[in-house]
Amino acid sequence: MPVARPETSDSRIIAHVDMDCFYVQVEQRKQPHLRGQPTAVVQYNSWKGGGLIAVGYEARKDGVKRSMRGDEAKKVCPQIQLVQVPVARGKADLTIYRNAGSEVVSILARKGRCERASIDEVYLDLTEAAEAMLKETPLESLESIDEEVLKSHVLGLSVNGNDEKEIVREWLTRRDADHRDKLLACGAIIVAELRMQVLRETEFTCSAGIAHNKMLAKLASGMNKPAQQTIVTLASVKGLLEPLPIKKMKQLGGKLGSSLQTDLGVDTVGDLLQFSVEKLQDLYGSNTGTWLWNVARGISGDEVEGRLLPKSHGSGKTFPGVRALKTVAAVEKWLKELCEELSERLQLDLETNKRVAHTLTLHAHAYKSTDTDSHKKFPSKSCPLRYGAGKILEDSVNLFQAGLCEFLGSYMNSADGGWGITNLSVTASKIVAVPSGTCSITKYFHGQDRFHASLEPSDEKFAPEDDNLSTSMTESRSASHQTEIGGEQPQITHDTSSFDQYETTCKDEASANCSTSKHHEPQPRLPEKERNTNDGKRSYEQKRKAPKEKGTSSILRFLQPSSCSSSNQEAKCLSSGVQEAFGMESESLTESQNKRRTDSWRYNVDDIDQSVVEELPPELQEEVRTWLRPQKQVKANTEKRGSSIAHYFSPNKNEHTNPKKS
DNA sequence: ACGGTTTATACT
DNA sequence: TAGTATAAA
């Protein structure tokens with residue numbers, strides 16, 4: 001898992017931004033009366049009051065912990081407000097939190113390369129921005145520095161609590177500071193500004209760490225919460241790491257960390273320093289070994305990825321204890337729920353980000369009651385992903401049955417086999433941007449009769465739902481090369497290609513809206529009007545004026561429940577507006593759809609006449625030929641069901657046809 | 001088998 | 001590759 005990367009360019013400026021008890025903040029924005037009250041978000045289990053998945057800071061003061069059940073929390077803190085995670089299709093639905101996370105990402109992505117690390121965490125590479133700032137404004141000449149910056153925690157600076165801010169100001173503006181510390185100071189200024197922007201535009205507070213690499217930035221972001229930022233100076237690194245319990249380091253919280261403790265007696269990061277690279281490589285392999293050696297010294301070359309969107313979508317549920325699923329029928333029922341959720345999210349991703357997923361994977365946990373050794377591993381299975389809830393369900397059921405057979409072994413297939421499923425999940429991965437490219441091959445499939453006819457859709461009719469699917473699959477291949485260059489920068493403006501038109505006419509206005517929007521915003525599309533006219537404007541003014549008055553620009557100011565009373569109402573409107581905007585029709589499987597959910601369009605590769613290719617415009621010929629080349633793979637896949645063109649474009653093939661980043 | 005549900009990544 | 005394992009939030 002940990003992989004050693006050479007420290008490339010030195011003196012990068014990296015920030016890690018971490019939302020404070022994020023789910024709680026989301027709920028407090030939705031229900032402003034909860035602000036200032038001890039609150040926690042629970043996942044409704046009806047067992048002991050549900051499990052807490054986020055705890056607000058007021059409740060933490062009262063001793064409420066994340067590992068508690070709702071009932072225990074009530075005991076410790078009787079006034080606690082427990083908010084349930086929304087439920088849809090019989091399972092927890094995290095949509096509102098995902099969308100809120102995307103709001104934040106779209107703001108943080110403004111200043112530099114941005115990596116969405118989780119639903120509520122982001123890494124930023126601010127190197128260029130910091131260098132630019134330092135170049136044009138020498139820090140020592142800075143006269144006004146925002147309060148929020150002055151409240152930064154500078155590691156290694158006097159803990160003498162008296163005039164903290166003046167000391168920080170002094171540090172920030174020190175003429176003889178190391179160049180790298182000056183860059184950090186610039187980073188801190190930028191991050192403070194970004195955090196204030198996040199607060200203004202989303203009402204969420206966050207904490208941040210500013211350092212020279214991801215590892216240290218991440219470490220620092222958690223050191224002063226909530227709503228504060230921490231700078232890891234060069235000089236502080238050694239003292240910071242030395243006494244740090246080894247398990248606090250990212251990647252060492254699990255078995256590897258335990259091994260270091262029990263096998264090597266390494267309890268702190270400092271303890272690691274005594275081991276030579278060779279020794280560590282010897283013990284843990286060359287990658288992990290050098291990685292560990294670097295960790296001990298605060299060295300980490302991991303790059304900020306520049307990815308605003310998730311790489312996979314999954315939907316899953318556990319069925320603990322007696323609730324374990326014991327019949328295939330029960331499994332199918334729940335697979336249907338999971339697949340519908342997944343399909344909806346895939347559809348949304350396609351519409352708003354123009355991306356398609358290529359692989360479907362089913363995971364399960366199961367037990368056999370015959371084995372007292374209850375928990376066996378249920379094999380995960382995957383297959384090419386076909387769009388449409390019905391197809392995803394069909395494929396998932398097949399994957400499950402394949403897995404079940406393996407799980408149960410040769411036979412034991414009988415009625416009361418005595419097995420149970422305790423966890424089920426479906427995941428869509430290998431998501432690639434479908435080019436909105438100018439060189440769209442789609443029109444040849446839809447527009448040109450000859451080509452269309454020769455390709456012969458394998459089956460009779462196709463559900464409309466499926467249709468647009470194959471369209472996108474097809475297109476995705478074609479344009480892969482041209483797009484892939486900048487990585488998948490999802491929010492590229494899309495022109496109105498034939499694909500876009502097609503999709504737009506087929507889909508609801510939400511998508512139409514999105515294709516015409518020029519905003520480069522990640523996933524969920526905020527209701528722009530609402531945001532800008534209602535909320536955006538208000539907070540904008542608030543902020544503009546705030547910095548003038550002394551001490552008011554602080555982020556803490558926004559935290560006071562009383563001070564934002566005027567905004568509460570608007571906040572409420574806003575959030576319901578958000579919800580509305582995201583309410584999407586769920587694609588339910590009608591009876592008829594299920595009946596003829598035969599495969600959409602399939603083009604049997606073997607049926608494609610070479611002469612057809614020659615009739616294409618030259619620039620497309622090349623493209624198509626590359627698709628047709630790897631016949632071998634196809635054969636393998638063909639036995640079960642006809643191969644589709646989509647199958648040719650298995651993602652790995654991209655790597656050959658795509659000029660990766662040059 | 002219970003903090004549950006997601007995501008990511010490396011290894012094989 | 002697909003499948004497994006580990007880690008984190």
Side-chain angles (χ1 to χ4, degrees), chain A residues 1-4 16 18-19 21-23 40-45 47-55 65-73 85 87 91-95 97-98 101 115-122 218 221-222 247-259 284-285 287-288 291 302 305 307 309-324 338 341-342 345 358-363 365-367 369 373-375 377-384 399 402-403 406 420 422-431 633 636-637 650-653 655:
Chain A
M1 8 173 52
V3 146
H16 180 256
D18 195 332
M19 305 307 293
C21 55
F22 190 44
Y23 290 10
V41 175
V42 298
Q43 207 140 351
Y44 191 44
N45 234 333
W47 188 61
K48 289 303 170 192
L52 305 198
I53 59 177
V55 180
K65 302 277 218 40
R66 245 201 356 222
S67 56
M68 289 176 171
R69 310 293 306 187
D71 291 351
E72 308 174 59
V85 169
V87 172
K91 64 179 291 297
D93 182 1
L94 306 182
T95 306
Y97 310 117
R98 282 191 202 100
E115 173 181 335
R116 188 201 116 128
S118 80
I119 198 169
D120 69 341
E121 284 177 289
V122 155
K218 162 84 180 164
S221 71
K247 292 226 155 200
K248 298 277 192 191
M249 297 295 303
K250 178 152 171 139
Q251 299 287 3
L252 296 181
K255 297 189 176 182
L256 182 52
S258 298
S259 162
Y284 294 103
N287 261 336
T288 306
W291 181 82
D302 281 3
E305 286 273 318
R307 181 176 44 77
L309 300 174
K311 302 176 114 171
S312 65
H313 300 289
S315 177
K317 180 168 176 59
T318 62
F319 308 93
V322 292
R323 281 189 289 182
L338 300 177
E341 183 192 324
L342 180 61
R345 284 163 58 191
H358 286 281
T359 302
L360 174 69
T361 306
L362 179 132
H363 291 273
H365 289 177
Y367 64 81
S369 43
D373 162 32
S374 46
H375 243 325
K377 26 207 104 227
F378 194 96
S380 63
K381 296 285 169 196
S382 55
C383 70
L399 293 177
E406 247 176 71
T422 56
N423 180 85
L424 259 188
S425 78
V426 288
T427 301
S429 60
K430 308 205 174 144
I431 303 179
Q633 269 191 337
N637 284 345
S650 63
N652 61 334
K653 210 195 117 228
E655 278 164 28

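So you know, we letter chains A, B, ... as the sequences are listed, proteins then strands, and number each from 1.
In this entry the distance linking OH of A:Y97 with P of B:dG4 reads 16 Å, nearest Å. Between the CZ atom of A:R307 and the C1' atom of B:dA8 there is a distance of 8 Å, given to the nearest Å. Going from atom CG of A:L309 over to atom P of B:dT7 covers 12 Å, rounded to whole Å. The CE atom of A:M249 sits 14 Å away from the P atom of C:dA7 (whole-angstrom rounding). Rounded to whole Å, atom C1' of B:dG3 lies 14 Å from atom CG of A:D71. Here the P atom of nucleotide B:dG4 and the NE2 atom of A:H365 are 12 Å apart, to the nearest Å. Straight-line distance from the NZ atom of A:K317 to the P atom of B:dT6: 10 Å, rounded to whole Å. When the P atom of B:dG3 is taken as reference, atom CD of A:Q43 falls 12 Å away, rounded to whole Å.
Considering only side-chain atoms of A:S382, the nucleotide from B:dC2, C:dA2, B:dT7 that sits closest is C:dA2. The side chain of A:P310 lies closest to B:dT7, out of B:dG3, C:dT4, B:dT7. Set against B:dT6, B:dA1, C:dA2, the side chain of A:T422 has B:dA1 as its closest nucleotide. Of the candidates B:dT5, C:dA2, C:dA8, the closest approach to any side-chain atom of A:K250 belongs to C:dA8. Side-chain atoms of A:R66 lie closest to B:dG3 of the nucleotides B:dG4, C:dT6, B:dG3. The side chain of A:K311 has B:dT9 as its nearest neighbour among B:dT7, B:dG4, B:dT9. Of the candidate nucleotides B:dC11, B:dA8, C:dA2, B:dC11 has the atom nearest to the side chain of A:N287. Checked against C:dA9, B:dT5, C:dT4, the side chain of A:T318 finds its nearest nucleotide in B:dT5. Distances from the side chain of A:K91 to the nucleotides B:dT6, C:dA7, B:dC2 place B:dT6 closest. Candidate nucleotides C:dA7, C:dA9, C:dT4 were compared by shortest atom distance to the side chain of A:Q251, and C:dA7 ranks first.
Looking at residues two or more places apart in sequence or on another chain, you find a side chain to side chain contact (heavy atoms under 4.5 Å, CB included) between A:A428 and A:L342, A:L346, A:A357, A:L385. Under the side-chain hydrogen bond (donor to acceptor under 3.5 Å, both in side chains) criterion, A:R323 pairs with A:N45, sequence neighbours left out.
For the pair A:M68 and A:S312, both in contact range of DNA chain B, the more 5′-proximal nearest nucleotide belongs to A:M68. Where A:E115 and A:E341 meet DNA chain B, the nucleotide closest to each residue was compared, and A:E341 sits on the side nearer the 5' end.
Of the side-chain N and O atoms in A:R116, none sit less than 4.0 angstrom from OP1 or OP2 of B:dT6. When the side-chain nitrogen and oxygen atoms of A:R69 are compared with OP1 and OP2 of B:dG3, none of them lie within a distance under 4.0 Å. For A:S380, no side-chain nitrogen or oxygen approaches OP1 or OP2 of C:dG3 to under 4.0 Å. Put simply, A:K377 has a side-chain N or O that comes within less than 4.0 Å of OP1 or OP2 on C:dA5. Within the structure, every side-chain polar atom (N or O) of A:R323 is placed at least 4.0 Å from both OP1 and OP2 of B:dC2. Taking only side-chain nitrogens and oxygens, A:K48 never comes nearer than 4.0 Å to OP1 or OP2 of B:dC2.
For the atom pair CD of A:E121 and OG of A:S221, the computed distance is 7.0 Å after rounding to the nearest 0.5 Å. Remark: A:H363 NE2 to A:T427 OG1 distance equals 5.0 Å, nearest 0.5 Å.
Across every non-hydrogen atom of A:F22 and A:G101, the tightest pair is CZ-N, 3.5 Å.
Looking only at distances, a side-chain donor or acceptor of A:S258 sits under 3.5 Å from a matching main-chain atom of A:G254.
A:S315 comes within 4.0 angstrom of sugar-phosphate atoms only, judged by non-hydrogen atoms across all strands, and of no base. As judged by a 4.0 angstrom heavy-atom cut-off over every strand, A:L252 is placed among residues touching the sugar-phosphate backbone only. Contacts of A:M19 with the nucleic acid, taken as non-hydrogen atoms under 4.0 Å apart, are absent. Here A:D120 lies in heavy-atom contact (under 4.0 Å) with sugar-phosphate atoms only.
A gap of 15 Å separates the P atoms of B:dA1 and C:dA5, to the nearest Å.
Note on A:E72 versus A:K65: no salt bridge recorded, every NZ/NE/NH1/NH2 to OD/OE distance being 4.0 Å or above.
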